[in-house]
> 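Sharing a structure below in structure tokens format, with a few things to ask.
Below, each value reflects all heavy atoms present in this structure, side chains not excepted, and no hydrogens, waters or symmetry copies. Within every chain, numbering begins at 1; the chains are lettered A, B, ... in the order of the sequence lines, protein sequences first and strands thereafter.
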There are 2 protein chains.
Amino acid sequence: MTISSRFAVGIHILTLLELNKEINTSETIAGSVNTNPALIRKIIGMLKKADLVEVHPGKAGAKLKKGLAEITLLDVYQAVEVVSENELFSIHDHPNPDCFVGKNIQQTIEPIFISAQLAMEKVLLHVTLEDVVKEIDNK
Amino acid sequence: MTISSRFAVGIHILTLLELNKEINTSETIAGSVNTNPALIRKIIGMLKKADLVEVHPGKAGAKLKKGLAEITLLDVYQAVEVVSENELFSIHDHPNPDCFVGKNIQQTIEPIFISAQLAMEKVLLHVTLEDVVKEIDNK
DNA sequence: ATTACATGTAATTATTATAGTTACAGGTAT
DNA sequence: ATACCTGTAACTATAATAATTACATGTAAT
């Protein structure tokens with residue numbers, strides 16, 4: 001099990017929009033990511049829906065819609081919908097309600113799982129695209 | 001995408017071993033979890049490999065091999081192999097090495113992803129089965 | 001207006017993981 | 001010898017990902 005690479009690709013796309021000052025078509029971007037343009041358009045569609053990029057039908061090129069420092073990795077993570085809200089961990093359905101453990105296990109475990117997920121998301125919240133771009137610039 | 005319910009089932013099984021003082025066969029346990037015995041045996045096999053339970057071929061019943069307070073949820077998480085080490089997040093393969101972004105994106109993103117994963121695992125490290133059992137006892 | 005080219009999106013395929021299930025070999029105990 | 005258990009392999013159904021093809025629709029330059 002892994003979290004979909006859509007997340008990493010989303011970060012890649014946004015970083016490229018900042019660093020490549022040419023017109024960034026889905027084909028250009030696909031060349032950098034090394035995948036096909038349709039997939040890029042799909043992910044860009046998600047980033048657009050989250051108000052992170054500007055792009056128009058028929059018009060070549062996507063652009064960032066916010067400053068780099070205003071976009072956190074959590075924004076990207078949520079935009080590409082790799083994990084449903086509070087559902088990083090799944091809990092088995094229908095444990096036996098006639099068993100003391102089965103009856104209570106779900107509600108006991110759920111808050112623990114959510115707090116683990118939130119701890120992970122908090123790290124993403126504190127890293128911005130600016131951090132990523134600076135790090136790449138350093139290389 | 002979600003982390004397999006094997007993790008939740010693993011916790012359920014260990015909790016049951018503590019609270020149900022009868023002999024816990026794979027069929028008994030399957031009745032509480034509400035799944036089938038073969039799946040339970042498979043998960044118990046993983047817990048055994050991680051030295052968390054004791055169980056013998058042909059001999060009915062599994063038992064905890066450690067004290068409740070000594071088993072963290074991280075131990076269970078790792079035992080049931082829901083996520084490979086440092087690979088909660090996946091990064092797209094083969095970004096274009098001729099592109100400045102493509103060339104550097106993987107090594108830039110990886111440490112961020114790992115630290116997010118570690119933050120999540122740290123929460124699991126600080127919750128023990130004893131906490132889970134006490135919480136269930138409170139209900 | 002026609003042409004060229006872009007985005008948006010649906011449909012298809014291959015791959016992989018999960019979860020459920022059946023079947024049975026082999027161990028244990030009465 | 002019998003009954004019952006664990007360990008494990010094999011098979012199925014389901015779902016998500018990622019890659020790909022195809023095409024409708026929008027934009028803009030000539």
> With heavy-atom distances below 4.5 Å as the criterion, would you say the side chains of A:Val33 and A:Ile40 are in contact?
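Yes, at least one pair of side-chain atoms sits under 4.5 Å.
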
> Taking ILVMFWY side chains as joined if any heavy atoms are under 4.5 angstrom apart, and letting links pass through other members, which residues group with B:Leu118?
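Joined to B:Leu118, directly or through intermediates: B:Ile114.
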
> Give the rounded distance in Å between these two atoms: CD1 of B:Ile44 and P of D:dC5.
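Rounded to whole Å, this separation is 13 Å.
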
> So does A:Gly102 get a backbone contact from the side chain of A:Asn96, meaning a donor-acceptor N/O pair under 3.5 Å?
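No, A:Asn96 side chain to A:Gly102 backbone: no donor-acceptor pair under 3.5 Å.
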
> Decide yes or no for B:Met120 and B:Leu124: does some side-chain heavy atom of the first lie under 4.5 Å from some side-chain heavy atom of the second?
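B:Met120 reaches B:Leu124 side chain to side chain.
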
> Could you measure the distance from the CG atom of B:Asp75 to the CG atom of B:Leu125? Nearest 0.5 Å is fine.
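That separation rounds to 8.0 Å.
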
> Report yes if some heavy atom in the side chain of A:Val9 is under 4.5 Å from a heavy atom in the side chain of A:Thr35; otherwise report no.
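A:Val9 vs A:Thr35: side chains apart.
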
> Hey, is the main chain of B:Leu74 close enough, under 3.5 Å, to the side chain of B:Glu121 for a donor-acceptor pair?
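Absent.
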
> Would you mind reading off the distance between A:Lys59 atom NZ and D:dA29 atom C1', rounded to a whole angstrom?
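Computing the A:Lys59:NZ to D:dA29:C1' distance gives 14 Å.
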
> Return yes if some donor-acceptor pair links the side-chain N/O of B:Gln106 with the main-chain N/O of B:His92 below 3.5 Å, else return no.
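It does hold such a pair.
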
> What is the separation between atom CE on A:Met46 and atom P on C:dG8, rounded to the nearest whole Å?
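Interatomic distance, CE of A:Met46 to P of C:dG8: 13 Å.
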
> Scan A:Lys49 against the nucleic acid and name what it touches under 4.0 Å (heavy atoms): base, sugar-phosphate only, or nothing.
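The residue A:Lys49 makes no contact with any strand.
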
> In chain order, what residues pass the ring-ring contact (aromatic ring centres under 6.0 Å, His included) check against B:Tyr77, with sequence neighbours excluded?
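Counting only residues at least two positions away or on another chain, B:Tyr77 forms a ring-ring contact (aromatic ring centres under 6.0 Å, His included) with B:Phe7.
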
> Tell me whether B:Lys103 at atom NZ has more than 12 heavy atoms from other residues, nucleotides or ligands lying less than 6.0 Å away.
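At most 12 heavy atoms, drawn from other residues, nucleotides or ligands, come within 6.0 Å of this atom.
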
> Give the B/S/- string for nucleotides 14-26 of chain C, one per nucleotide from 5' to 3', where a protein heavy atom under 4.0 Å of the base yields B, of only the sugar-phosphate yields S, and otherwise -.
----SSSBBB---

> So for the helix from C:dA1-D:dT30 to C:dT30-D:dA1, with five pairs setting each end axis, what is the inter-axis angle to 10°?
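Inter-axis angle at the ends, rounded: 10°.
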
> Could you write out each protein N or O paired with an N or O of nucleotides 11-15 of chain D at a distance under 3.5 Å?
none

> I'd like to know if the side chain of B:Ser90 reaches the main chain of A:Ile3, judged simply by a donor and an acceptor atom lying under 3.5 Å from each other, with no hydrogens or angles considered.
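Present.
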
> How long is the line joining CD of B:Glu54 and C1' of D:dC5, in whole Å?
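So the CD-C1' distance, B:Glu54 to D:dC5, works out to 16 Å.
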
> Over how many whole Å does the gap from B:Glu87 atom CD to D:dT17 atom P extend?
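Spelled out: CD on B:Glu87 to P on D:dT17 is 17 Å.
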
> Give me the residues of residues 15-29 of chain A where at least one heavy atom lies under 4.0 Å from an atom of DNA chain C, by number, or none.
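By residue number: A:Thr25, A:Ser26.
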
> What is the nucleic acid contact for B:His92, judged by heavy atoms within less than 4.0 Å: base, sugar-phosphate only, or nothing?
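If one applies the 4.0 Å heavy-atom cut-off, B:His92 turns out to touch nothing in the nucleic acid.
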
> Under 4.5 Å between any side-chain heavy atoms of B:Glu81 and B:Lys49, yes or no?
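Yes; the side chains approach each other to less than 4.5 Å.
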
> Can you tell me how far apart CD1 (A:Ile44) and CZ (A:Arg41) are? Round to the nearest 0.5 Å.
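Here the interatomic distance stands at 9.5 Å.
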
> Return the value, rounded to whole Å, for the distance between atom CD1 of A:Ile40 and atom P of C:dA6.
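So the CD1-P distance, A:Ile40 to C:dA6, works out to 15 Å.
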
